[in-house]
Amino acid sequence: MLLVKNGRVIDPVTKTDAVRDLLLDGDKISEVAPPGKISAEQRAEVFDATGLIVAPGFIDLHAHLREPGQESSETIETGTRAAARGGFTAVCCMPNTKPVHDSASITRFILDKAKNASTRVWPIGAASLGSKGEAIAEIAAMKQAGIVAVSDDGKPIATAKLARQVMDYCNSLDIPVIEHAEDVSLAAGAVMREGVRSTRLGLPGMPAVAESVCVARDVQLAELTGARLHIAHLSAKASLDQVRWAKSRGLRVTCEVTPHHFTLIDEDVTYDSRFKMNPPLASREDREALLAGLADGAVDAIATDHAPHEAALKDVEFDRAPFGILGFETALGLALEQLVHSGRLNLMRMIELFTTGPARILGLERRLAQGQPADLTIFSTDHEWTYRINDSLSKSRNSPFDGRKFKGGPVATIVAGRTTFQAS
Ligand SMILES: [Zn+2]
Ligand SMILES: [Zn+2]
């Protein structure tokens with residue numbers, strides 16, 4: 001048993017924001033009470049959370065753990081250790097592994113590897129075989145084996161016809177379809193966002209509509225099929241307008257935004273490949289729209305799109321480098337900096353974007369109450385620290401945030417009653 005004492009408990013579902021003690025028994029929460037009211041003290045180990053925030057466990061809907069097949073960039077073990085240090089208790093891993101996760105045998109492989117991981121691992125299966133966009137993957141068998149959603153992430157579901165078929169199928173299985181929204185004809189050859197900055201750098205640019213026309217296609221298909229559609233790493237104002245329209249019509253359409261898209265913009269891009277991700281860093285106006293959506297509820301979740309690449313792949317010229325950056329260990333620091341300390345969001349709303357928001361998309365409910373899973377994220381809002389890439393628990397080093405100073409971050413991560421990260 002573990003008694004988490006005197007923390008400021010913030011739970012977006014019950015709208016709790018009060019100092020409470022929490023008793024964890026095995027993998028469940030067994031009691032939540034005002035300080036000093038839980039009498040298990042002699043029997044339980046005590047974690048003193050005085051001055052800290054105690055939240056439901058953070059869930060990352062979007063990450064690349066690279067296993068199987070790219071273990072030189074990350075493994076399930078190293079990736080989840082980095083995730084736990086970032087405060088995450090559950091990580092959804094994308095299927096663009098080698099081979100692509102498009103069958104139940106790979107679902108089982110991932111879940112087996114994840115048995116002793118530092119977070120829960122919830123695999124996402126491919127929508128199409130090999131994510132090639134031709135034939136639908138073995139979705140029912142993968143669902144049976146444990147996937148929580150499907151996606152062809154890395155690229156969009158290739159055609160409207162296939163997207164419709166996948167949505168129909170996933171609707172009957174009651175799992176969400178997660179779309180990497182990109183019109184590949186508009187995005188072909190691009191390495192950053194199209195605009196003044198791409199012209200100045202002489203790099204091929206991808207226009208914002210490359211994302212939003214795909215979102216428009218999928219929103220209409222979601223209306224036709226009634227499916228649960230989730231837009232991954234939404235970066236453009238025009239895409240968010242589509243999501244707002246879908247929500248106003250009562251469609252089951254949701255979206256996530258990454259910390260790098262609400263922090264950085266295209267003007268920050270240099271020839272350094274650590275600024276290369278897909279979708280690329282967007283315009284100042286797009287970023288303002290994302291911040292507004294994070295505040296007013298149009299955005300449902302913060303997801304990292306943690307995308308490790310070993311140095312041999314990433315440390316090359318900008319146009320040759322693969323897309324993607326690390327995300328787990330800087331997510332909370334960036335959210336506190338950009339959303340909370342800036343006064344744009346209150347802590348309750350930020351926590352919702354990391355916890356109940358993503359849980360709802362997966363059809364789960366997460367709150368701090370008796371009988372719920374003992375998954376907790378305990379963090380500080382004021383301790384000052386510097387992100388040092390060489391101390392990262394990830395196997396890779398591709399982050400543009402090396403050396404950034406943060407105010408507040410994870411202090412302890414508890415997964416099913418087990419402490420998988422504790423700040424020293
Ligand atoms: Zn993607
Ligand atoms: Zn991704």
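Only heavy atoms go into these numbers, but all of them, side chains included; no hydrogens, no water, no symmetry mates. In each ligand, atom 1 is the first atom listed, and ligand 1 is the first ligand listed. What you see is a predicted model, and the numbers here were worked out from it, not measured in a lab. Position 1 is the first residue of the sequence, and the numbers go up from there.
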Taking backbone and side chain together, does His180 place any N/O/S atom at a distance below 2.8 Å from the Zn ion (ligand 2)?
no
So that I can tick it off, tell me whether Lys115 and Asp112 are bridged by a salt bridge, with the cut-off set at under 4.0 angstrom between side-chain N and carboxylate O.
yes
Asp296 and Arg244 ion-paired at < 4.0 Å
yes
Test: Arg284 and Glu267 ion pair at under 4.0 Å:
yes
Side chain to side chain donor-acceptor pair (under 3.5 Å): pairs with one or both residues in residues 403-412, sequence neighbours excluded:
Glu337-Arg404
Between His233 and the Zn ion (ligand 1), is there a contact where an N/O/S atom of the residue lies under 2.8 Å from the metal?
yes
What's the atom name of the N, O or S in Asp305 nearest to the Zn ion (ligand 2)?
OD1
Write the atom name of the N, O or S atom in Asp153 that is nearest the Zn ion (ligand 2).
OD2
Taking 4.0 angstrom as the limit, do Arg360 and Glu352 come out as a salt bridge?
yes
Angle, NE2 of His62 through the Zn ion (ligand 2) to NE2 of His64 - 10° precision:
110°
